[in-house]
Amino acid sequence: MPPETKDRVDALLEGLNPPQREAVTHGEGPLLILAGAGSGKTRVLTHRIAWLLRTGRARADEILAITFTNKAAQEMRERVELLVGRATRAMWVMTFHSACARMLRADAHRLGYTRQFTIYDAADSRRVIKKVVDDLDIDPKRFTPRAMQAQISDAKNKLRSADDYRGLVGSFFEQTVADVYEQYERELHRANAMDFDDLLFRAVNVLELFQEVRDRYASAFRWILVDEYQDTNHAQYRWLQLLSSEHRNLAVVGDDDQAIYAFRGADIRNILDFEDDYPDAHVVRLEQNYRSTQIILSAANAVVSNNRGRKVKSLWTEVGEGDPIKVRELADEHAEARFVVAEVERLVDEGVSRAEIAVFYRTNAQSRVLEDMLVRAQIGYQVIGGTKFYERAEIKDAISYLTFLVNPADGGAFTRVANSPKRGIGQTSLSRILAHADTTGITPWEAAEHPEQVPMLGKAAQKAIGRFMSVMERLRERAAGEAPVGDLLEEMLRETGYTDALQAERTIEAQGRIENLEELVRVAREYDATAPDETRGVGEFLQQIALLSDADERRDDEGLVTLMTLHNAKGLEFPIVFMIGCEDGVFPHSRALDEGDVEEERRLAYVGITRAMRDLYITYARRRNAFGANSFGVRSRFVDEIPRELTDQPDRNAVGIGRPAGSGRVASWATAAAASAEALGGRREPDGAGQVFRMGDDVIHAAFGDGVVTGVEPGGIVVVRFAGDRSERKLMADYAPIRKR
DNA sequence: CGTAAATGTTTTTTT
DNA sequence: AACATTTACG
């Protein structure tokens with residue numbers, strides 16, 4: 001190695017601790033990196049890639065790096081480029097699904113798909129399943145499409161085909177699933193479409209069935225690196241196995257304590273058994289945490305240590321003790337939101353940037369109350385997840401138009417756009433056209449091209465279809481002529497009258513939709529400008545956006561408070577973290593309790609806690625609006641698993657809805673309500689006269705307005721923080737003009 | 001064929 | 001409570 005190169009390699013290793021360095025400089029052979037939360041695993045991955053490149057062990061096109069989100073992939077590529085000082089376009093850094101889609105574009109023809117195959121999202125797939133259930137005369141009440149979909153997805157994640165599944169049938173339910181699965185596969189194939197699970201499944205199929213494809217990739221990818229390995233499923237495991245079969249340079253990074261995707265088929269054994277699969281694997285443990293205070297780490301450790309069957313690890317930090325964890329009980333979800341918002345305002349006053357603050361919750365629905373409150377307080381925020389941009393009706397419509405242009409077999413896309421905007425093509429006409437295509441073995445596009453040949457189709461419908469298709473024909477020529485996607489999209493929105501129809505509505509919502517479509521055009525133009533030549537085109541654009549996730553939309557430089565589910569929080573860190581809704585039934589989720597998946601929920605708690613660098617707030621509510629009805633809650637068991645001395649509420653059981661001493665669990669809302677009443681004891685509000693105030697109560701003051709009780713002191717004094725001027729005042733409960741809301 | 005009202009269903013987490 | 005889907009009517 002020339003001395004100059006050696007210096008640059010040494011520079012790469014500077015600032016790494018010994019185990020990190022060991023992982024980065026591991027040579028040939030399998031490598032397992034057990035990386036505790038905040039132990040710098042991303043740093044290790046990027047430095048390892050840079051090291052492989054710098055030392056000449058790898059060319060960029062010999063590296064395959066798998067990340068969990070597209071955003072993470074992009075960041076990883078940028079960081080590697082910074083380290084090695086040049087572009088790394090040839091390197092494959094992407095998610096499992098993106099990598100598989102890319103491989104399938106090249107080789108799907110071997111399985112009877114074209115390279116323009118459509119990627120169906122969960123909603124598209126659900127629609128197909130519904131149709132199948134309907135066609136097969138199955139009672140959708142007994143066999144809900146939702147359950148069917150879950151079963152099929154599960155099978156695919158285990159690499160079980162419809163045939164395989166049928167062979168394992170053990171009940172009437174499964175028998176029915178087998179029928180649906182089989183027909184579903186036929187429908188997808190006929191539409192030249194794949195669902196998310198297919199991308200992995202079919203990619204494995206191609207590698208297994210075609211030796212030359214396997215050889216091509218297995219020899220190309222000399223170095224493979226995988227992040228978040230604890231959340232891989234069997235199909236992903238097999239895919240990696242096939243790709244790494246030749247060089248065996250597979251490096252995986254993960255933490256079994258952060259496995260939170262079992263519900264999606266992830267198999268924690270993939271990481272636990274790595275050393276059995278690769279007996280010669282080199283194992284590195286990263287146990288020094290660079291992120292959180294000792295108190296936060298201790299809390300996380302205490303909680304997760306209640307799980308069994310984990311690889312024992314001991315995280316430590318040099319960051320220092322830090323502040324106690326702030327635990328708050330609030331009256332209901334509104335008081336909870338008010339507390340969070342008031343605290344955010346206080347922190348911002350202290351000079352904290354909003355971008356340093358995140359709020360985590362178990363389910364997306366919980367963001368709503370919080371959003372209301374943030375809007376009122378005029379605090380900028382972003383919500384990750386929930387209703388996604390690409391799931392909005394108008395965006396789906398626009399995408400379906402493009403999809404139908406490039407994939408004329410996609411009857412789903414056709415159905416979606418044919419009568420949107422309204423042009424007099426109803427459900428009946430559509431069904432006739434699709435049935436005609438079905439029976440004569442032509443594509444929906446071809447059938448629609450010749451409406452006069454469709455049996456039973458009315459004259460008016462024929463004319464409407466004709467007009468629609470002549471627009472589509474023109475657009476298709478433009479698409480084939482490799483027009484930029486942005487131009488094509490704009491033309492489409494204009495020519496089909498889509499924008500005009502929205503404009504005609506003259507409503508604020510329609511205006512919002514138009515703005516969303518403009519945003520989509522902007523995304524397309526961005527794609528036109530940045531996509532490498534070889535991957536340009538409508539088809540590729542569509543496949544790429546189909547694989548975008550919520551997490552990819554996250555922005556971290558615009559001074560916004562971030563709201564997201566605990567699942568979306570994986571891999572991120574924030575100086576200040578709020579975990580809200582910490583009640584049994586909400587978190588851990590009641591469904592998980594029913595199904596005995598408490599350990600996964602606990603890992604979710606571990607993930608949430610370990611995102612916090614400096615300050616952690618945990619809140620729970622006594623009362624919460626579940627289905628329109630109020631339910632009473634009990635503090636989450638996870639809160640009680642945090643040693644009290646790590647919190648600012650060492651005697652928190654003295655007041656409020658503490659878990660009844662000695663009782664193990666409270667699993668249902670019914671028993672929860674009883675337990676709550678018991679815990680409240682004689683402290684329930686008297687009707688009418690003399691009010692009793694508790695921490696978290698919402699109050700209205702005649703002069704100061706809305707507020708929340710932040711403390712109760714002897715002598716009938718209550719401490720109230722007011723939303724209006726954010727002041728905190730001590731008031732005499734009996735004399736001050738305050739009442740509960 | 002399209003709209004409006006009525007009914008039923010929904011809340012886990014997501015690539 | 002909110003939303004989607006179904007049903008009834010114009």
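Residue numbers start from 1 in every chain, and the chains themselves are labelled A, B, ... in the order their sequence lines are given, proteins ahead of strands. Keep in mind that this is a model prediction, so the values were computed, not measured.
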Test: [X] and [Y] ion pair at under 4.0 Å:
X	Y	answer
A:Glu540	A:Arg115	no
A:Asp154	A:Arg160	no
A:Asp584	A:Arg637	yes
A:Asp257	A:Arg310	yes
A:Asp135	A:Lys131	yes
A:Lys396	A:Asp121	yes

[atom1] of [X] versus [atom2] of [N]: gap in Å, rounded?
X	N	atom1	atom2	value
A:Asn568	B:dT13	CG	P	10 Å
A:Lys130	B:dT9	NZ	P	12 Å
A:Glu601	B:dT11	CD	C1'	13 Å
A:Leu547	B:dT15	CG	P	10 Å
A:Phe263	B:dT15	CZ	C1'	9 Å
A:Met579	B:dT13	CE	C1'	14 Å
A:Arg591	B:dT11	CZ	P	9 Å
A:Arg624	C:dA1	CZ	P	17 Å

Under 4.0 Å, counting only non-hydrogen atoms across every strand here, what does [X] touch: a base, just sugar-phosphate, or nothing?
X	result
A:Asp197	nothing
A:Asp121	nothing
A:Phe587	nothing
A:Ser98	nothing
A:Arg423	nothing
A:Arg146	sugar-phosphate
A:Asp195	nothing
A:Gly424	sugar-phosphate

Does the side chain of [X] get closer than 4.0 angstrom to OP1 or OP2 of [N] through an N or O atom?
X	N	result
A:Ser590	B:dT11	no
A:Thr69	B:dT15	no
A:Asn419	B:dG2	yes
A:Asn364	B:dT13	yes

C1'-based separation of B:dT12 from C:dT5 [nearest Å]:
23 Å
Using the P atoms only, state how far B:dT11 lies from C:dT6, rounded to an integer number of Å.
16 Å
Closest nucleotide of DNA chain B for A:Phe196 versus for A:Lys422: which of these residues is on the 5' side?
A:Lys422
Find which nucleotide of DNA chain B each of A:Ile425 and A:Thr95 is nearest to by heavy atoms, and output the residue with the more 5' nucleotide.
A:Ile425
Sequence-distant partners of A:Glu599, salt bridge (Lys or Arg N to Asp or Glu O under 4.0 Å), two or more places apart:
none
Among the nucleotides [options], which one has an atom lying closest to any side-chain atom of [X]?
X	options	result
A:His97	C:dA2, B:dT15, B:dT11	B:dT15
A:Thr428	B:dT13, B:dT12, B:dC1	B:dC1
A:His589	B:dT11, B:dT15, B:dT13	B:dT11

